[in-house]
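Notes follow the structure.
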Amino acid sequence: MKILARSFYDQDTVDVAQALIGKILVRKINGNTISGVIVETEAYRYKDDPASHTYGGMTGRNQAMFGPVGRAYVYFTYGMHYCVNAVAKSQDCDAGAVLLRSLVPLQGIDFMSVQRNTCDISNLTNGPAKLTQALMITKKEYGEDLTKKSSLYITDGFEIKKSEILAGPRIGIKKAIDKLWNFKTTKNVFEEN
DNA sequence: CTGTTGATCTGCT
DNA sequence: GCAGATCAACAGT
């Protein structure tokens, strides 16, 4: 399984969000391998996107989204939840990232069950804050290089056709809901719908 | 410095 | 379907 190259993230954020569907997120913890297929993403851009963290300029929290592509952007929200993004943008964009919303577990399911305190497979990683908890992703992973074989990276996965990707409004935000930058596939059985 | 809001999930009704 | 948990960024004083 090949790790996605830096150039993969060097495209328009919305394109990368679609391309990431079907790819595999891999996490290494103490010799354990935990992985899952990415089945839902959301694109967040910059000046044309009022819902993005970057709208309004760089801050201490979002500076990773302005940095080099192919890195992880982790943030803390609602007082108790972490979410992961992959920094991705084209050359003419100053900032952008793809939120990983949902996974289908592949390896390390027992580990995830312990983290999430449930045995329900379909409930392990089917939400942005759930998957960070299941994969033990915290602020320590802020800025991790996803193109190196480190403790967190993304590899090639299943081939998903454009026709199998569904676009819709992004979830949980009130701004820019006219932008259909939420992408998911119904190919896998574990999706909740 | 203070108050409000939020890219969420859980548990209860 | 709805409130609550709980904190970092931001706008306003």
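Chain A is the first sequence line, chain B the second, and so forth, proteins listed ahead of strands; every chain is numbered from 1.
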- Message: Is there a side-chain contact between A/K175 and the phosphate of B/dG6, meaning an N or O under 4.0 Å from OP1 or OP2?
- Response: no
- Euclidean distance, atom CE of residue A/M58 to atom C1' of C/dA9 [Å, nearest integer]: 15 Å
- Message: Test side chain to side chain donor-acceptor pair (under 3.5 Å) on A/K28 and A/T33; report intermediate values, then the result.
- Response: CA-CA 5 Å; A/K28 299 267 192 186; A/T33 301; 3.1 Å; yes
- Task: Starting from the C-alpha separation in whole Å, work towards a yes-or-no answer on salt bridge (charged side-chain N to carboxylate O under 4.0 Å, His left out) for A/K89 and A/D94.
- Result: CA-CA 8 Å; A/K89 58 193 161 72; A/D94 288 329; over 6 Å; no
- What is the nucleic acid contact for A/N85, judged by heavy atoms within less than 4.0 Å: base, sugar-phosphate only, or nothing? base
- Message: Nearest whole Å is fine: how far is C/dA8 C1' from A/R61 CZ?
- Response: 6 Å
- Message: What's A/L99 touching, base or sugar-phosphate or nothing? Going by heavy atoms closer than 4.0 Å.
- Response: base
- Look at A/R101 and B/dT8 and indicate whether a side-chain polar atom (N or O) is within less than 4.0 Å of OP1 or OP2. yes
- Query: Over how many whole Å does the gap from A/Q133 atom CD to B/dT10 atom P extend?
  - Reply: 7 Å
- Cluster link A/L100 to A/L180, ILVMFWY, side chain under 4.5 Å: no
- Report the residue (A/G79 or A/T59) whose heavy-atom-nearest nucleotide on DNA chain C is the more 5′ of the two. A/G79
- Length of the OH-P vector between A/Y82 and C/dA9, whole Å: 12 Å
- A/H81 NE2 to C/dA5 P, in whole Å, measures 13 Å
- Item | Centroid distance under 5.5 Å and plane angle under 30°, A/Y78 vs C/dA5 | no
- Query: Reckon A/A51 touches a base, only the sugar-phosphate, or nothing at all at heavy-atom distances under 4.0 Å?
  - Reply: base
- Can you check whether A/K174 has a side-chain N or O nearer than 4.0 Å to OP1 or OP2 of B/dG6? yes
- Message: Under 4.0 Å, counting only non-hydrogen atoms across every strand here, what does A/M65 touch: a base, just sugar-phosphate, or nothing?
- Response: base
- Query: Rounding to a whole Å, what distance do you find between A/Y44:OH and C/dA9:P?
  - Reply: 18 Å
- Message: Under 5.5 Å centre to centre and under 30° between planes: does that hold for A/Y75 and the six-membered base ring of B/dA7?
- Response: no
- Query: What is the ring orientation for A/Y73 with A/Y142, classed by angle as parallel under 30°, tilted 30 to 60°, or perpendicular over 60°?
  - Reply: perpendicular
- Query: Counting side-chain heavy atoms from CB outward, which of B/dC9, B/dA7, C/dC7 is closest to A/F76?
  - Reply: C/dC7
- Starting from P on C/dA9, measure out to NZ on A/K139 and report it in whole angstrom. 6 Å
- Message: Does the structure show a Watson-Crick or G-U wobble partner for C/dC10, both distances under 3.5 Å? Name it, or say none.
- Response: B/dG3
- Item | Nucleotide of B/dT10, B/dG6, C/dA5 approaching A/M80 most closely (side-chain heavy atoms) | C/dA5
- Message: Let me check something: do A/V26 and A/F158 share a hydrophobic cluster, defined by ILVMFWY side-chain heavy atoms less than 4.5 Å apart, either directly or through other members?
- Response: yes
- OH of A/Y55 versus C1' of C/dC10: gap in Å, rounded? 15 Å
- Can you check whether A/F66 and A/Y46 have ring centres sitting under 6.0 Å from each other? yes
- Task: Compare side-chain N and O positions of A/R116 against OP1 and OP2 of B/dT10 and report whether any pair is under 4.0 Å apart.
- Result: yes
